[in-house]
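Working notes, structure below.
Just follow the structure's listing: the first ligand is 1, and inside any ligand the first atom is 1. Here the structure is a predicted model, which means the values were calculated and not measured.
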Amino acid sequence: MSLDKESTTIQMPSCTNTNESSIPKRRGNLIVVTGPSGVGKGTVVERLMEDVAGIKRSVSATTRTMRPNEKEGVDYFFRTPAEFKRMVDENTFMEWAEFAGNLYGTPKLWVEQQLQAHQDIILEIEVQGAKQIKEKCPDAVLIFLSPPSFTELEARLRRRGTETPERLAQRLKKAEVEMTEKALFQYEVVNDVVEEAVNDLVHIVYSERLRIRCECPGTKD
Ligand code: 5GP
């Protein structure tokens, strides 16, 4: 996957089945895993992709500084605020949001191409971005990952040790608001025991693959 900084090519996601053959092959599913920072989205998504074939994770762009264990183009496309702003102006993103002082965005063109190629795509994003996807893509599968408790969420964020005390406080404050928004999504998975949360996600992904999504004759009139 690449995210060309210089690119001005813009392709709007249609979020609908545009295949016109008589027996259309379904587009891939756009699966959104959202929830507060520190809840374990990265871990469960990684495990889900080990267990289920045919899912790719979208790599976002961010203005956040790279953590020691992270790689450009694997974890994120790391961009300066000016580069990110230009990408916003060029309509590069399917959604983007400011989170705890940094900007994050999902590359529209790559995701759309993958869905058209019948590939399931998973976005691991915060709640504001997930709400944008809900608006733009009514077919998206929207999953809210909850912590077993707020105390446990705080403990996980502290154990992760990636944030300064100020940034940690910012993320916890944001998490309180995010937890009140879970009813906007279709599924809630509680990430208490990782294996159980992954198992729940596996069931959702397989069920959603069986959902009838294309327009049926006679339903339009
Ligand atoms: P972190 O800085 O811990 O990697 O990510 C902070 C938050 O931003 C997490 O909740 C993560 O899921 C979310 N995030 C990552 N990529 C994107 C994106 O492309 N869009 C949005 N809206 N959120 C993202």
Side-chain angles (χ1 to χ4, degrees), residues 1-3 13 30-49 56-81 83-85 87-88 90-112 114-115 121-137 140 142-147 150 153-154 156-182 184-185 189 191 197 201:
M1 181 189 335
S2 72
L3 192 63
L30 181 59
I31 302 158
V32 178
V33 175
T34 191
S37 171
V39 73
K41 298 191 288 292
T43 306
V44 296
V45 165
E46 203 175 298
R47 292 279 305 278
L48 172 70
M49 292 194 308
K56 287 185 189 167
R57 183 178 77 92
S58 166
V59 178
S60 301
T62 184
T63 61
R64 170 166 77 57
T65 48
M66 198 188 283
R67 293 174 186 150
N69 56 338
E70 290 181 325
K71 286 198 180 76
E72 165 70 18
V74 176
D75 298 284
Y76 284 107
F77 295 101
F78 294 92
R79 296 291 178 261
T80 64
E83 286 167 346
F84 194 99
K85 184 182 175 306
M87 291 161 84
V88 171
E90 289 173 348
N91 205 13
T92 306
F93 298 122
M94 198 164 193
E95 63 72 37
W96 68 274
E98 188 270 337
F99 181 87
N102 295 302
L103 302 171
Y104 297 83
T106 300
K108 178 161 56 184
L109 184 60
W110 182 84
V111 170
E112 180 60 20
Q114 295 299 315
L115 294 174
I121 293 300
I122 198 151
L123 309 184
E124 185 198 313
I125 61 178
E126 55 71 66
V127 173
Q128 296 311 309
K131 283 157 64 178
Q132 293 174 44
I133 297 290
K134 182 181 177 179
E135 283 298 307
K136 290 180 185 167
C137 304
L142 306 165
I143 305 167
F144 189 93
L145 194 65
S146 292
F150 199 79
L153 180 69
E154 182 169 353
R156 283 182 194 175
L157 261 178
R158 286 189 193 284
R159 273 200 301 271
R160 201 168 78 175
T162 52
E163 308 306 316
T164 61
E166 190 195 30
R167 293 274 191 205
L168 187 114
Q170 222 176 345
R171 284 179 184 235
L172 287 172
K173 201 167 156 212
K174 186 100 181 170
E176 277 184 51
V177 179
E178 290 178 324
M179 289 301 294
T180 67
E181 297 187 292
K182 74 176 175 201
L184 296 171
F185 304 103
V189 171
N191 187 20
L201 289 177

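- Using a cutoff of 4.0 Å between basic side-chain nitrogens and carboxylate oxygens, Glu70 and Arg64 are scored as salt-bridged.
- Between Glu126 and Lys131 there is no salt bridge, since no side-chain nitrogen of the basic residue lies less than 4.0 Å from a carboxylate oxygen of the acidic one.
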**Request:** Take Glu112 and Lys108, measure what salt bridge (charged side-chain N to carboxylate O under 4.0 Å, His left out) needs, and give me the verdict at the end.
**Result:** CA-CA 6 Å; Glu112 180 60 20; Lys108 178 161 56 184; over 6 Å; no
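- Every side chain to side chain donor-acceptor pair (under 3.5 Å) that Ser37 has, sequence neighbours left out, goes to Arg171.
- Looking at Lys134 and Glu95, no side-chain N of the basic residue comes within less than 4.0 Å of a carboxylate O on the acidic one, giving no salt bridge.
- Near ligand 1, Lys41, Ser60, Arg64, Arg67, Tyr76, Glu95, Ala97, Phe99, Tyr104, Gly105, Thr106, Glu124, Ile125, Glu126, Gly129, Arg160, Arg171 each place a heavy atom less than 4.0 angstrom from the ligand.
- In this structure, Phe93 has its ring center under 6.0 Å from that of Phe84.
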